[in-house]
Structures are given as structure tokens and as C-alpha cells.
Colleague: 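If you scroll down you'll find the structure; I have some questions about it.
Side chains are part of it too, since the values below use all heavy atoms of this structure and drop only hydrogens, waters and symmetry mates. Every number for a ligand or one of its atoms is a count from 1 in the order of the listing.
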Amino acid sequence: MQFHIITIFPEMFDSYLKGSIIGRAIKDKKISIKFYNPMDFCEPKKRVDARPYGGGPGMVLRPELFLKAFSKIKIPSKIPRVPLGKKAKIILFSTSGKKFTTGYAKGAAKKFTDIILISGRYEGIDARVQKILRAEEVSIGDYVLTGGELPAMVLIDSISRQIPGVLGKYESLEEERVSTSEVYTRPEVLKYKGKNYKVPKVLLSGNHKKIDEWKKGG
Ligand code: SAM
């Protein structure tokens with residue numbers, strides 16, 4: 001899977017993409033990440049943003065610069081009329097977009113070879129970019145962030161986990177089979193401020209049927 005990120009702040013991704021499972025997935029060539037910075041196409045002494053038509057406090061990102069950045073993306077599956085071919089997806093982050101879920105991540109990991117992620121800033125990107133590229137607007141939740149870089153990292157992380165070989169065999173099987181957010185490790189009894197906090201007995205029982213039932217909430 002290739003992720004192509006259009007952002008004016010590519011350096012924000014540096015440490016995140018080096019670490020842990022995602023860093024390993026890049027090293028193992030399970031995923032690759034390319035950046036396209038609209039700033040690179042900005043005329044000297046001009047700004048990447050401009051005042052909004054109709055007024056308002058925030059600045060709007062200029063469409064030509066995002067379209068120029070987009071035009072640098074090279075995808076082998078390009079076919080006429082479908083701008084980037086059937087196996088490529090264009091996502092533009094927006095607070096009012098389609099809600100991102102694990103289901104979305106699973107579908108995307110299966111269907112696409114290339115995903116283009118367009119991150120906004122300030123008041124957003126001139127709406128014509130979304131219209132011209134027929135990009136799908138995606139939101140990662142009902143809150144407003146300062147930019148689309150965190151959403152891009154969220155999608156990369158969540159979609160990459162669904163790509164075969166990115167998680168270790170055991171981790172991915174375990175995730176498919178039964179998964180819970182309530183997890184425990186040593187010590188069996190944790191002493192904190194005079195109180196004892198114990199690991200649930202069932203997890204120490206060795207009875208895997210019962211453990212699975214407990215993980216499923218039963
Ligand atoms: N008033 C604008 C709005 O409601 O869309 C605020 C834009 S926000 C400050 C700047 C950019 O951050 C957006 O254009 C979008 O790319 C990104 N963004 C912010 N919150 C987001 C969210 N919950 N999901 C996806 N993208 C988000």
C-alpha cells in the first residue's frame with residue numbers, strides 16, 4: 001500500500017512514522033509513504049493561504065497549490081476518466097466528512113493500492129479542490145483539530161494494521177478472534193496508595209474458553 005500525503009507540514013510525521021509497528025511496516029516495504037508539499041509550488045514571497053470570499057476570521061488554503069502538489073503523484077493504475085484508477089482513493093480531511101471507522105479501514109486495505117490523503121489547515125482548503133478531484137471527505141471524529149495531519153496519521157495507522165503481514169501473525173489472529181481493551185500484566189497484585197488491585201481471577205485460571213468469554217464481555 002502506498003500512502004501519498006499532501007500537507008504543508010510533512011515534518012510533523014517524522015517521529016510517528018519511524019516508531020514501532022508502522023516503522024517496521026515501512027522497513028519491510030509493506031507500506032510506503034510519500035509527501036507532496038503545496039508550499040513547494042508557492043511563488044516566492046506569496047502565501048499558501050488567502051482571505052476567504054464572503055468574509056470570516058480564518059484563512060483558506062489556495063487551490064492551485066494543492067492541485068499542483070496532486071499532479072506530482074504517480075500511480076501505475078491510472079486510467080482515463082477515473083482520475084487515479086480504480087485501485088486508488090482520494091481522501092480529503094474535513095470536520096463534516098464521512099466518519100472513519102475500523103470497517104472503513106478494513107475495506108480500504110482490501111480495495112486500494114494507493115491512498116491519497118489531503119490535509120487541511122487554518123479554515124480549510126478551497127472547496128474546489130474536493131470537487132475537481134472528486135475526493136471523499138473524511139472525518140475522524142466530532143471535534144475540530146488544528147489540521148489534517150493527525151487524521152492522516154490515524155488513517156495510516158488504522159489501515160496499515162489491516163494489511164497482511166503488518167501485525168505479527170499472533171497479534172492479527174488474536175485481534176480477529178477476540179480482542180478487548182481491558183488488559184493486564186505483572187504484578188498479579190498491584191499495591192497503590194495502601195490498596196490492592198488484583199488481576200481478574202479468570203485470567204489466571206488457564207481456562208481459555210472462560211478467558212475468551214470474559215474478553216467478549218460475557
Ligand atoms: N471551520 C473548519 C471546519 O469546521 O471544517 C475548521 C477547519 S480545521 C481548523 C483545519 C483542518 O483540519 C480541516 O480542513 C481538516 O482538514 C482538518 N480537521 C480538523 N478536524 C478534523 C476532524 N475531526 N477530522 C478530519 N479532519 C479534521
Colleague: If you measure from atom 24 (N) of ligand 1 to every heavy atom of V154, I140, I91, which option wins on shortest distance?
Modeller: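 That would be I140.
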Colleague: Salt bridge or not for K99 and D142, using N-O below 4.0 Å?
Modeller: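 Salt bridge between K99 and D142, a charged N being under 4.0 Å from a carboxylate O: yes.
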Colleague: Heavy atom under 4.0 Å from ligand 1: found in L92's side chain, backbone, both, or neither?
Modeller: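 L92 to ligand 1: no contact under 4.0 Å from either part.
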Colleague: State the atoms of ligand 1, each with its element, that fall below the 4.0 Å cut-off from a heavy-atom position in V138.
Modeller: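 Those qualifying, in numeric order: 25 (C).
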Colleague: Indicate, as side chain, backbone, both or neither, the part of S139 found under 4.0 angstrom from ligand 1 when only non-hydrogen atoms are considered.
Modeller: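 It is both parts that get close, each with some atom under 4.0 Å.
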Colleague: Tell me: protein heavy atom nearest atom 2 (C) of ligand 1, and distance?
Modeller: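 Residue, atom and distance for the closest contact: E123 OE2, 3.6 Å.
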Colleague: Just by modelled atom types, is the V166 backbone N or O under 3.5 Å from a matching donor or acceptor in the R24 side chain?
Modeller: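 Looks like yes, one N/O pair under 3.5 Å.
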Colleague: Of all the heavy atoms in Y122, does at least one lie under 4.0 Å from an atom in ligand 1?
Modeller: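 Yes.
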Colleague: Which atom names give the shortest non-hydrogen contact between R121 and G147, and what distance separates them?
Modeller: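 Result for this residue pair: NE-CA, 3.6 Å.
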Colleague: If the cut-off is 4.0 Å to any non-hydrogen atom of L145, which atoms of ligand 1 fall inside it?
Modeller: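 The atoms of ligand 1 under 4.0 Å from a heavy atom of L145 are 8 (S), 9 (C), 12 (O), 19 (C), 20 (N).
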Colleague: For R121 and ligand 1, does the shortest N/O to N/O distance drop below 3.5 Å?
Modeller: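 N/O-N/O distance below 3.5 Å does not exist for this pair.
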Colleague: Are any of the N/O atoms on T146, whether in the backbone or the side chain, positioned under 3.5 angstrom from an N/O atom of ligand 1?
Modeller: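 There is no such contact.
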Colleague: If you measure every N/O of F93 against every N/O of ligand 1, is any gap under 3.5 Å?
Modeller: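 Between F93 and ligand 1, an N or O pair is found under 3.5 Å apart.
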Colleague: Numbering the atoms of ligand 1 from 1, which are under 4.0 Å from a heavy atom of G124?
Modeller: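 Close to G124: 14 (O).
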Colleague: Between D142 and ligand 1, which residue portion shows a heavy-atom distance shorter than 4.0 Å: side chain, backbone, both, or neither?
Modeller: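 Looking at D142 and ligand 1, no heavy atom falls under 4.0 Å.
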Colleague: Return yes when L150 approaches ligand 1 closer than 4.0 angstrom through a heavy atom, no otherwise.
Modeller: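 L150: no contact with ligand 1 (<4.0 Å).
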Colleague: Scan side-chain atoms only and decide if E149 and Y16 contain a donor-acceptor pair under the 3.5 Å cut-off.
Modeller: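 No, Y16 and E149 have no side-chain donor paired with an acceptor closer than 3.5 Å.
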Colleague: Can you tell me if S160 uses its side chain to pair, donor with acceptor, with the backbone of I156 under 3.5 Å?
Modeller: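 Between the backbone of I156 and the side chain of S160 there is a qualifying donor-acceptor contact (under 3.5 Å).
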Colleague: Among all protein heavy atoms, pick the one closest to atom 5 (O) of ligand 1 and tell me residue, atom and distance.
Modeller: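 For atom 5 (O) of ligand 1, the nearest protein heavy atom comes out as T95 OG1, 2.7 Å.
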Colleague: Can you pull out the closest protein heavy atom to atom 18 (N) of ligand 1? Residue, atom name and distance to 0.1 Å, please.
Modeller: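 For atom 18 (N) of ligand 1, the nearest protein heavy atom comes out as G147 O, 3.9 Å.
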Colleague: With heavy atoms under 4.0 Å as the rule, classify the contact between S94 and ligand 1 as side chain, backbone, both or neither.
Modeller: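 Backbone only; the side chain of S94 stays clear of ligand 1.
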Colleague: Give the cluster check for M39 versus F70: same hydrophobic cluster or not, with ILVMFWY residues linked at side-chain heavy-atom distances below 4.5 Å.
Modeller: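 They do share one cluster, since a chain of ILVMFWY contacts under 4.5 Å joins M39 to F70.
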Colleague: Nearest protein heavy-atom contact for atom 23 (N) of ligand 1: which residue, which atom, what distance?
Modeller: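 Answer for atom 23 (N) of ligand 1: Y143 O, 2.8 Å.
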Colleague: Establish whether V144 and L150 are linked, either directly or via other cluster members, by ILVMFWY side-chain heavy-atom contacts under 4.5 Å.
Modeller: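 Each belongs to a different hydrophobic cluster.
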Colleague: Among the clusters formed by ILVMFWY side chains lying less than 4.5 Å apart, do V60 and I132 turn up in the same one?
Modeller: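 Different clusters: V60 never reaches I132 through Ile, Leu, Val, Met, Phe, Trp or Tyr contacts under 4.5 Å.
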Colleague: Whether the side chain of E137 engages the backbone of L92 through a donor-acceptor N/O pair (distance < 3.5 Å, no angle test) should be reported.
Modeller: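 No; judged by distance alone, with no hydrogens or angles, the pair does not exist.
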Colleague: Please confirm whether the backbone N or O of F9 pairs with a side-chain atom of T7, one donor and one acceptor, at under 3.5 Å?
Modeller: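 It does hold such a pair.
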Colleague: Could you tell me whether P151 and ligand 1 have an N or O pair separated by under 3.5 Å?
Modeller: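 No: no nitrogen or oxygen of P151 is under 3.5 Å from one in ligand 1.
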Colleague: Is there a polar contact between ligand 1 and G141, counting only N or O atoms under 3.5 Å apart?
Modeller: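 N/O-N/O distance under 3.5 Å: yes.
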Colleague: Between R128 and D126, does any side-chain N to carboxylate O distance fall below 4.0 Å?
Modeller: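 Salt bridge: yes.
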Colleague: For the backbone of L167 and the side chain of R161, can you confirm whether one donor and one acceptor N or O come within less than 3.5 Å of each other?
Modeller: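 No.
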